[in-house]
Amino acid sequence: MARLLNFFKKDTFSDRLQKIKSGDSEEREKLIQEYIPFVIKTVSNHINRYLESENSEEYSIGLEAFNEAIDKYESSRGNFISFAELVIKSRITDYLRKVKKHSMTLSIDQLEKGEEKWSHDNLRTEDFTERIALKDEIQILEKRLSAFEISFQDLVEEAPKHSDTRGKAIEISKYIVGHQELKDELMRKKTLPSSRLVQETNVTIKMLKRSRKFIIATALILDSDLDGLKQYILGSKGGVSHGL
Amino acid sequence: MVYKGCVIKVEDRFAVVLTTGAQYLKIIKKDGLILGKEILFVEEDLYREKVSNIKSFGLVAAVFILFFLSITLYNGLGQWLPLQQVAAVVSIDINPSLELEVNKENKVLRSVAINEEGKLLMDTSLKGLTIEAAVVKVVNKAKSLQYITAEKNTILISTVVLKEEAKVSQPQIEDAILEKIHEEDGLQELQVIYVRSKKEDMEKAREEKISIGKYEVYLEAKAEKREITVEQIRKAKVQELVNQGVGQLKVKEAVKKKSENEKEQKKEEIKKDSWDDKVRKPGKTNQENKKDEDEKGKDDKGQLKESPAVNKPVVDKKVPVKQEIKKPDKKDENTSGSIEKDEDKKSLGNQEAVVGNQKPEKGKPSKDDDSRQQDDEDKNKAKSLKKHKDLMNKFSPLKKPSQ
């Protein structure tokens, strides 16, 4: 009876740690998974840069450090979170020092000032070519949007907050792009062909009004060579639901 | 949760990112951010416009202050007026004169007797009552002391606002008093005359030891170039003043809808008509005991329209008796009051007194009916004559009750 009840009782944090220390690897996985955002935040704030992907060095080191913290933690060390933070930060610092040494031997001595920044930024990641390409795409998009009097700032402020609404909006954008006449009208008039849209799809005027800028921006992206950005949109809810 | 996105814009303090969820978000600027870079970030990295706590506290405080201020201004600074402060004064004159000081809520703070008789009506129980209730109480007492009788049932009420911020409304007080009086059994027949006065006149009234109401009457009489002294007004009963039409005393018409008794209604109408005649015509007699017909003449035009029908029968009866007297009066009126005429009228005074009530009625219908030509003639003739007798002679043929 007591065991059954135990089953339903929620484990406290220390209980979990206890379990992990005694060899419960499943519990360990769970805990780490839960704390990934925490790890990313800690690392990012410490180096004051954003992590680039789960494949990046910093990320792995951060996770490792967290793992280490689990093992080394004892209640005498105080609060687990603070302790874990400490461990992560010190490991990252160690790593950075190592990297610095390496990069120094390669670039600082040999490259000139201007090149140094370029190599520093671009050589650090694997997909730097991709990144450069994206950069151009984005600038092109910005220009096209300004013809519609839309800025990226606008998109931040006015884009639909709810993912469902966004999904719906993306579908509308896809619809526009998929129909030549509608697309032409959009490009020509610099505004949504609302009346036709309302007629042909089951969208409401209200919805068109609210998500207007977002729909236009999305349509522009979809109707371009901006493959990189297209991925972002299609990869999202609205993009996927519609099928490939 | 973890977001993945592409940097599409870099600014001073933030960057814009398009996420894999097709969201456009602003994130805090960190090192190494360049266009097109794909990054991972978390909730805490989202850029929030931060207003310092001090500023927002100040804003909130400011909003509250404005809120309270606006309420104050809306209600007028009378908001802050203490309830013990005198906001207005209402005076009551019959024979006795007294004044009631009221606060911004129209409640009586204090009663002040202006003359000896006023003291009799005073009552500490008036304090705290609403002005209309207090007035009714005073009037009832006056009635019980025989200051108000069937013949003497006119009272004068005046209102003065002392503190404008209190937003005391004179019409409101008048209406409230009127209503209350009408609700009161036994006071239905009461004639109430309302006068509005100003703060500045209060002092003078006090100097002259006269109630503000009577003082106002005095002022109006003076404005009409009546020869009348404060002493005379002070001594006079309101009934008398009204009868002589001193000042443009107006009886406020009751809301007739409320009257359930038709008879009472008719009575009121008749009485009012007669009162109106007397009351509204600018008085010319100096003596309070005289009843003015002159007043009636002047206001004929205005008043005639009111109740010619009612007046007619009354007029007819008394015309033969009063013809003579009326005519000279009319003429006097037409030629605008002058001292001489007043004196002339004095001699007629007694006669007029008898006739008084009827005269205005006569005047009215006669003007209503096409007797204007005659009136004009009368006027012309009057101008050339100054003796009553002459006037009477000339006018007698004209005043035939042919109506």
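Per chain, numbering begins at 1; letters A, B, ... match sequence-line order. Predicted model, so just to flag it, every value in this text is computed and none were measured.
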Taking atom types as modelled, is there a side-chain donor on A:Tyr232 or B:Glu38 under 3.5 Å from an acceptor on the other?
yes
Pick from [options] with the largest number of heavy-atom pairs that fall under 4.5 Å of chain A:
options: B:Met1, B:Lys9, B:Glu11; result: B:Lys9
options: B:Leu33, B:Leu25, B:Ile27, B:Val17; result: B:Ile27
options: B:Val16, B:Asp31, B:Ile39; result: B:Asp31
options: B:Lys4, B:Glu44, B:Gln23; result: B:Gln23

[X] side, atom [atom1]; [Y] side, atom [atom2] - distance, nearest 0.5 Å:
X: B:Phe41; Y: A:Leu51; atom1: CZ; atom2: CG; value: 12.0 Å
X: B:Leu18; Y: A:Leu155; atom1: CG; atom2: CG; value: 9.0 Å
X: A:Glu52; Y: B:Leu40; atom1: CD; atom2: CG; value: 9.0 Å
X: A:Lys135; Y: B:Cys6; atom1: NZ; atom2: SG; value: 12.0 Å
X: B:Leu35; Y: A:Asp136; atom1: CG; atom2: CG; value: 9.5 Å

Take a 6.0 Å sphere around [atom1] of [X] and say whether it holds more than 12 heavy atoms from other residues, nucleotides or ligands.
X: B:Phe64; atom1: CZ; answer: no
X: A:Gln33; atom1: CD; answer: no
X: A:Lys190; atom1: NZ; answer: yes
X: A:Gln139; atom1: CD; answer: yes
X: A:Lys206; atom1: NZ; answer: no

Is there a side-chain contact between B:Val42 and A:Ser44 in this structure, where contact means two heavy atoms from C-beta onward sitting under 4.5 Å apart?
no
Candidate pair B:Tyr24 and A:Lys213, rule side chain to side chain contact (heavy atoms under 4.5 Å, CB included), full reasoning:
CA-CA 12 Å; B:Tyr24 293 87; A:Lys213 290 185 179 175; over 6 Å; no
Shortest non-hydrogen contact between B:Ile8 and A:Leu229, atoms and distance:
CG2-CD2, 4.4 Å
Which heavy atom of B:Ala22 sits nearest to which heavy atom of A:Ile233, and what is that distance?
CB-CA, 4.5 Å
Using a 6.0 Å distance limit plus a 45 degree cone around the ring axis, check whether B:Lys30 lies over the aromatic ring of A:Tyr50.
yes
Heavy-atom cut-off 4.5 Å, strictly under: side chain, backbone, both or neither for A:Glu158 against chain B?
neither
Side chain, backbone, both or neither: which part of A:Phe214 has a heavy atom under 4.5 Å from chain B?
side chain
Using side chain to side chain contact (heavy atoms under 4.5 Å, CB included), reason through B:Glu43 and A:Lys41 one step at a time and then give a plain yes or no.
CA-CA 9 Å; B:Glu43 287 288 339; A:Lys41 180 184 76 169; over 6 Å; no
Looking at A:Leu141, A:Asn45, A:Ile221, which makes the most heavy-atom pairs under 4.5 Å with chain B?
A:Asn45
